[in-house]
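Reckoned from all heavy atoms, side chains included, excluding hydrogens, waters and symmetry mates. Per chain, numbering begins at 1; letters A, B, ... match sequence-line order.
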Amino acid sequence: MTRDLLTLAQWLSPAFPVGAFAYSQGLEVAIRDGHIADAKGLTLWVEDVLDHGAGRSDAILLAAAWRGEDVDEVARAFQPTAERLRETERMGEAFSRTVRAVWGLGVADAPYPVVVGRAAALRGIAVEDTAALYLHAAAATLVSVAVRLVPLGQTEGQAVLASVTPLCERIAREAANSTLDDLSSSTFLADIASMRHETLEPRIFQS
Amino acid sequence: MTALPTLIVTDAQPRAVGSVSLKVTASDRGTEIARLRHEGSMRALFPRRDSQRITAVLVNTAGGVTGGDRFSVRVEAGEGADITITTQAAERAYRAQPGQTGRVDTVLTIGPNARLAWLPQETILFDGSSLERRLTVDLGAGASALIVEPLIFGRRAMNEGVSSARLSDRITLRRDGVPIYLDRICMEGDLVARMSRPATGQGAAATSTVLFAGEGAEARLAAARAILPETAGISLVRPGLLAARLLAEDGFDLRRALLPLIRLLADDDLPRPWMI
């Protein structure tokens, strides 16, 4: 159990070489457009992405992959924009390359939540814990984008992350009991922000 | 059209059932109807048959969708055929009895080198509505599709909110059997509150998904970007596939952004029912 948590902490740490820090999933545009100006606005955005957007759908894909389902094409087709598709593919490739090299896991390249789910299943790590840490890491990435761009103080950023922790826990529990039929997203503005990010100049993040 | 809606009386609520099954094929004289069957509360009309492209107008003679209704549309475009499908009027999802859901199931099969445009007018969600829609599009080799699904959350001009409703809206786009785009919108409860969140709609009462698959997607990207307002975006998600999302204050505002985009992607004017 402790060993499993340590493995997850390593895989989903910002230091794990998947380049998570390079992506904002459209948040850079939302901040540039003035939609997010403080910790309150950031909290709402992160809650939306986790509960109604990429967070929940990634957790559902992760759980399906953990159960051994073939979800590669579904995971690709569910990406609403070119940048989001590239992000999930590149992070997935980097993750599977690293767990192959370090843990010897037979995980082929696939979208990011899919390879994380497969790697956890191969190590016998519980799906709910894996999804919870995955969601928390996704939230932490968004918070770090906002800390740099809004900008927010480090303490404010950590307070936002702490406030969405129970949400990560709830979505992970729901995702562990979900099927692919539960995939859905209604973060229309986050999708639009990701589309508009393609032509944003200058930009710091890759999505 | 004088056909009476087919009603199945259950203990819960009368149910409307309707289906259209259509196959069109290409010939020397342009695209022609090879098979047409309609049943119950749904009809297809063909106002324009004077060119290569055929236009089908779907009519819901029940006047809307409510709990327990079942509608089904099947359209098959044979090799090289060219069809535009629209609706005679905006669709209305009316209040449903508790536990009753209206279902609309559409399957579009586009053969090799065929072209199909799915351009229904808006679907308006009323308070208390419960709607489940499935739109499945299968593209063959060299086929192209333009798919538009506009949604309106209540009639804002009439001050009607949608404080309790259920929507499950699914679009599946496949090429050669492989999914290339999946859109899944599931919302339940106070849809206006859901749409007021910063990453969902910031208070928008209208939205539309627009998909363009086929040759020419790359070439249209820059022009499409240039005509979209700030509340919309478009992306070349993968080679040969454009996906756009639009948000707007209301249905009027949505049309102002949507119509030029459809004209650009369809290389044609809107079908007549949109303009009257």
Side-chain angles (χ1 to χ4, degrees), chain A residues 25-27 29-31 33 35-37 40-57 60-61 71-86 89 142 180-200 207, chain B residues 134 151 153 167-188 191 194-204 206-211 217-218 221-222 224-226 228-239 241-248:
Chain A
Q25 300 199 337
L27 179 55
V29 168
I31 293 170
D33 286 351
H35 295 317
I36 293 162
K40 178 82 189 0
L42 174 64
T43 305
L44 293 171
W45 182 275
V46 175
E47 285 173 357
D48 285 352
V49 171
L50 289 174
D51 207 7
H52 309 306
R56 178 180 298 275
S57 52
I60 290 170
L61 292 164
V71 289
D72 297 25
E73 291 303 338
V74 170
R76 285 190 189 95
F78 196 70
Q79 302 308 316
T81 69
E83 287 190 349
R84 291 270 303 276
L85 178 58
R86 196 167 59 221
E89 285 184 328
L142 294 174
L180 281 185
D181 231 26
D182 298 310
L183 272 181
S184 94
S185 172
S186 54
T187 46
F188 307 116
L189 262 168
D191 292 354
I192 290 168
S194 169
M195 291 164 173
R196 298 184 57 231
H197 190 268
E198 294 174 11
T199 53
L200 182 72
S207 77
Chain B
R134 305 277 177 276
L151 267 177
F153 301 90
L167 170 71
S168 169
D169 203 13
R170 300 169 174 225
I171 302 176
T172 301
L173 194 60
R174 290 188 292 238
R175 189 177 284 282
D176 301 321
V178 178
I180 55 170
Y181 197 86
L182 301 172
D183 197 32
R184 304 272 186 269
I185 302 171
C186 295
M187 297 197 229
E188 196 168 352
L191 302 196
R194 170 75 79 91
M195 287 298 286
S196 70
R197 307 260 325 177
T200 57
Q202 278 174 17
T207 184
S208 183
T209 302
V210 177
L211 303 173
E218 283 79 356
L221 177 63
R225 273 181 182 145
L228 285 177
E230 279 201 354
T231 53
I234 188 162
S235 179
L236 182 73
V237 184
R238 52 173 91 200
L241 176 66
L242 287 170
R245 277 212 196 283
L246 291 82
L247 284 168

A.B. asks: Would you compute the distance between atom CG of B/D169 and atom OG of A/S184 and round it to the nearest 0.5 angstrom?
C.D. replies: 11.0 Å
A.B. asks: Taking all non-hydrogen atoms of both residues into account, name the closest pair between A/F188 and B/M195 and its distance.
C.D. replies: CE1-SD, 3.5 Å
A.B. asks: State, to 0.1 Å, how close A/D181 and B/R170 come at their nearest heavy-atom pair, and which atoms those are.
C.D. replies: O-NH2, 2.7 Å
A.B. asks: Taking all non-hydrogen atoms of both residues into account, name the closest pair between A/D48 and B/T200 and its distance.
C.D. replies: OD2-N, 3.9 Å
A.B. asks: Does any backbone or side-chain atom of B/R238 lie under 4.5 Å from a heavy atom of chain A? Answer side chain, backbone, both or neither.
C.D. replies: side chain
A.B. asks: Are any side-chain N or O atoms of B/R184 and backbone N or O atoms of A/F78, one a donor and one an acceptor, separated by less than 3.5 Å?
C.D. replies: no
A.B. asks: Shorter than 4.5 Å, heavy atoms on both sides: which option in A/S57, A/A82, A/G26 has the most such pairs with chain B?
C.D. replies: A/A82
A.B. asks: Considering only heavy atoms, which portion of B/I185 lies under 4.5 Å from any heavy atom of chain A: side chain, backbone, both, or neither?
C.D. replies: both
A.B. asks: Flag the one option from A/A193, A/P80, A/A190 with the top tally of heavy-atom pairs under 4.5 Å to chain B.
C.D. replies: A/P80
A.B. asks: With sequence neighbours left out, write down each residue that passes side-chain contact (heavy atoms from CB on, under 4.5 Å) with B/P179, or none if nothing qualifies.
C.D. replies: A/E73, A/A77, B/R174, B/L182
A.B. asks: State, to 0.1 Å, how close B/V237 and A/L85 come at their nearest heavy-atom pair, and which atoms those are.
C.D. replies: O-CD2, 3.5 Å
A.B. asks: Minimum heavy-atom separation for B/L247 and A/L189, please, with both atom names.
C.D. replies: CD1-CG, 3.4 Å
A.B. asks: May I ask you to name which of A/S186, A/G53, A/G41, A/A30 has the most heavy-atom pairs under 4.5 Å with chain B?
C.D. replies: A/S186
A.B. asks: Below 4.5 Å, heavy-atom pairs only: which of B/P198, B/A232, B/C186, B/S168 has the largest tally toward chain A?
C.D. replies: B/P198
A.B. asks: Check each atom of B/A204 against the heavy atoms of chain A and say whether the ones under 4.5 Å are side chain, backbone, both or neither.
C.D. replies: neither
A.B. asks: Can you name the one residue among A/H197, A/R196, A/M195 that meets side chain to side chain contact (heavy atoms under 4.5 Å, CB included) with B/S235?
C.D. replies: A/M195
A.B. asks: Identify, with sequence neighbours excluded, every residue that meets side-chain contact (heavy atoms from CB on, under 4.5 Å) alongside A/S194.
C.D. replies: A/T81, A/E83, A/R84
A.B. asks: Could you tell me whether a side-chain N or O of B/R197 sits under 3.5 Å from a main-chain N or O of A/L44, the two making a donor and an acceptor?
C.D. replies: yes
A.B. asks: Return yes if a side-chain donor-acceptor contact under 3.5 Å exists between B/R225 and A/T199, otherwise no.
C.D. replies: no
A.B. asks: For B/R194, is there an ion pair with A/D51 - N to carboxylate O distance below 4.0 angstrom?
C.D. replies: no
A.B. asks: If I measure from the heavy atoms of chain A, does B/T231 come under 4.5 Å with its side chain, its backbone, both, or neither?
C.D. replies: backbone
